[in-house]
Amino acid sequence: MAAEIKTRPPQRQPILMNRIEDQTLDITTMSTFTPGEEGIITVSEDKSIRIWLKRETGQYWPSVCHFLTSPCSTSYYDKASQTIFIGQESGDIDEFVVADDYNRVTHQRKYAAHTSKVTGCFYDAKNEVLLSCGKDKYIIWHGTKTGQRFAGYQTSSIPLCLQYDPQSHYVFSGLSNGEIAIIQIDKADSKAINPLKGHSSAVTCLCWDPENQILYSGSSDKLVIMWDIGSKTGRAIELQGHRNKLVSIHYSSSTRQLLSTSCEGSLVVWNMEIKRNETPLWQESNQCTKCKQPFFWNFRQMWNDKTIGLRQHHCRKCGIAVCAACSSDRTTIPLYGFEFDVRVCQECFRSVTEQDRAPTATFHELKHSVVTSNIDHDRNWFVTSGSDRTLKLWDLKEVVTN
């Protein structure tokens with residue numbers, strides 16, 4: 001009798017719809033979809049803003065190619081007003097209005113916002129406020145009705161990204177020292193809130209979920225952290241599923257999924273509907289909690305026991321301090337955010353069941369080094385810009401689902 005061979009069903013993958021390759025196009029620093037049209041707006045290091053529209057041939061060709069005076073470093077596009085703000089390496093921000101047919105951009109105003117590269121910007125259309133941050137270590141906000149600069153706030157290190165909550169007037173800025181600065185602003189003043197500390201390296205991207213009052217941060221330390229701002233409990237959950245620095249994070253409120261992209265082209269889709277556990281705090285000790293052997297700085301016990309000190313490690317599930325021999329087991333713990341095998345003590349290894357190891361995220365390769373990405377939540381379209389000067393357009397309907 002023939003044996004029945006059971007195979008695992010193939011994992012759903014993003015569908016590559018199209019790509020844009022142009023020898024005259026430099027690395028794209030920001031890109032966004034045009035609403036109601038099959039088009040892309042890009043700003044680039046070659047000082048250009050371009051609008052790419054899909055033609056009858058199925059290929060994308062620029063209907064607008066406008067050059068600025070300095071390389072473009074970041075942008076923010078407000079779909080409702082068809083307004084785009086473009087931050088540049090010179091420190092200036094230019095405001096343009098995009099025509100309804102996407103065949104023209106009209107310059108509105110130039111903001112002399114910073115003295116060096118603009119690293120992030122955000123436009124609050126309701127209150128007509130433009131916020132920006134730059135390598136000059138300042139967060140600045142302007143009124144767009146008159147172009148007047150309202151005020152500024154100096155950060156402790158270089159701000160690399162920016163998010164804003166119009167309801168609470170909180171500004172979140174990821175810093176190069178691994179902290180997230182928080183300030184509450186009004187037109188002429190600001191109030192500093194205690195910074196968020198959890199990353200060990202530069203915070204490279206942020207995403208704000210206004211409905212649940214949750215901030216997501218990604219860093220060069222390969223870590224994503226979910227900060228529960230709304231509950232005011234200090235709750236933070238770590239998500240470890242990348243092997244290189246994060247470049248973008250997007251949250252889909254309709255499906256309750258988080259999309260994180262790292263620079264080597266890895267896309268991770270996290271299920272945020274499940275209840276996750278906080279990563280335990282690491283306990284400090286002078287000896288292994290299990291075998292009581294001294295760690296290498298515990299000279300007194302080393303002398304008394306006539307033994308060599310051991311290196312300290314930590315169990316990722318319970319947080320106790322252990323030696324290598326007492327933490328030789330490895331396992332995934334997805335509910336604690338660990339999608340890769342991590343070090344655990346022997347007791348915790350025995351307590352982790354197969355159900356506990358069930359993945360809570362899916363992993364996808366985009367097959368180019370990603371500089372930035374953006375998403376159209378209504379159509380589940382995703383665009384990535386690579387260091388290879390190529391734009392890739394993806395359909396995520398197979399991986400971002402209810």
Q: Are L267 and L396 side-chain neighbours, meaning at least one heavy-atom pair lies under 4.5 Å?
A: yes
Q: Is there a donor-acceptor contact under 3.5 Å from the side chain of S220 to the main chain of K245?
A: no
Q: Which class fits the ring pair H250 and F382: parallel under 30°, tilted 30 to 60°, perpendicular over 60°?
A: perpendicular
Q: Between Q312 and E284, does any side-chain donor sit less than 3.5 Å from a side-chain acceptor?
A: yes
Q: Return the set of residues passing salt bridge (charged side-chain N to carboxylate O under 4.0 Å, His left out) with D124 (not counting sequence neighbours), or none when no residue passes.
A: none
Q: Among M226, E211, R256, Q257, which residue satisfies the side-chain contact (heavy atoms from CB on, under 4.5 Å) criterion with Y251?
A: R256
Q: What orientation do H314 and W282 show, parallel under 30°, tilted 30 to 60°, or perpendicular over 60°?
A: parallel
Q: Q184 side chain to S168 main-chain N or O, any donor-acceptor pair under 3.5 Å?
A: yes
Q: I'd like to know if the side chain of D221 pairs up with that of S201 as donor and acceptor (distance under 3.5 Å, no hydrogens or angles considered).
A: no
Q: Hey, are T353 and Q355 close enough side-chain-wise for a donor-acceptor pair under 3.5 Å?
A: no
Q: Rounded to the nearest 0.5 Å, how far does OG of S173 lie from NZ of K137?
A: 13.0 Å
Q: Distance only, no hydrogens: is a donor on one side chain within 3.5 Å (strictly under) of an acceptor on the other, for Q13 and H364?
A: yes
Q: Do side-chain atoms of Q163 reach the backbone of W208 as a donor and acceptor pair under 3.5 angstrom?
A: yes
Q: Between Y111 and E95, does a side chain to side chain donor-acceptor pair (under 3.5 Å) hold up when you go through it step by step?
A: CA-CA 8 Å; Y111 302 85; E95 177 184 347; 2.6 Å; yes
Q: Any Lys/Arg nitrogen of D388 or K392 sitting under 4.0 Å from an Asp/Glu carboxylate oxygen of the other?
A: no
Q: Find the distance between NZ (K290) and SG (C315) and round it off to the nearest 0.5 Å.
A: 8.0 Å
Q: Is it the case that the side chains of R50 and S48 hold a donor-acceptor pair, with the cut-off being a distance below 3.5 Å and no angle test?
A: yes
Q: Would you please classify the geometry between the W297 ring and the F295 ring as parallel, tilted or perpendicular, with 30° and 60° separating the classes?
A: tilted
Q: Of the options D136, T119, D92, which is the one that meets H114 in a side-chain hydrogen bond (donor to acceptor under 3.5 Å, both in side chains)?
A: D136
Q: Does NZ in K222 sit with more than 12 non-hydrogen atoms of other residues, nucleotides or ligands closer than 6.0 Å?
A: no
Q: Given side chain to side chain contact (heavy atoms under 4.5 Å, CB included), test L391 with T28 step by step and report yes or no.
A: CA-CA 8 Å; L391 292 169; T28 298; 4.1 Å; yes
Q: Answer yes if the side chains of H377 and S254 hold a donor-acceptor pair under 3.5 Å, and no otherwise.
A: no
Q: If you draw a 6.0 Å radius around CG in D101, do more than 12 non-hydrogen atoms from other residues or ligands fall strictly inside?
A: yes
Q: Carefully, step by step, assess S328 and R343 under the rule side chain to side chain donor-acceptor pair (under 3.5 Å).
A: CA-CA 7 Å; S328 58; R343 182 187 298 271; over 6 Å; no
Q: Hey, is the main chain of D94 close enough, under 3.5 Å, to the side chain of H107 for a donor-acceptor pair?
A: no
Q: Quick one: does Q213's side chain get under 4.5 Å of D165's, heavy atoms only?
A: yes
Q: On the ring face of F349, is R357 found with NZ or CZ under 6.0 Å from the centre and within 45° of the axis?
A: yes
Q: With under 30° as parallel and over 60° as perpendicular, where do the rings of F85 and Y123 fit, or are they tilted in between?
A: tilted
Q: If only atom types and distance count, is the side chain of R109 paired as donor or acceptor with the main-chain N or O of T144 below 3.5 Å?
A: yes
Q: If we ignore angles and hydrogens, is there a donor and acceptor under 3.5 Å between the side chains of E264 and S262?
A: yes
Q: Run the numbers on T32 and M30 for side chain to side chain contact (heavy atoms under 4.5 Å, CB included), then give the verdict.
A: CA-CA 7 Å; T32 185; M30 279 287 173; over 6 Å; no
Q: When you measure from the centre of the six-membered ring of F340, is the NZ or CZ of R243 closer than 6.0 Å and no more than 45° off the axis?
A: yes
Q: Which heavy-atom pair separates G134 from I158 by the least distance, and what is that distance?
A: O-CG2, 4.3 Å
Q: For a quick check under 3.5 Å, do T360 and W270 share a side-chain donor-acceptor pair by atom type?
A: no
Q: Check this for me: E347, atom CD, are more than 12 non-hydrogen atoms of other residues, nucleotides or ligands nearer than 6.0 Å?
A: no
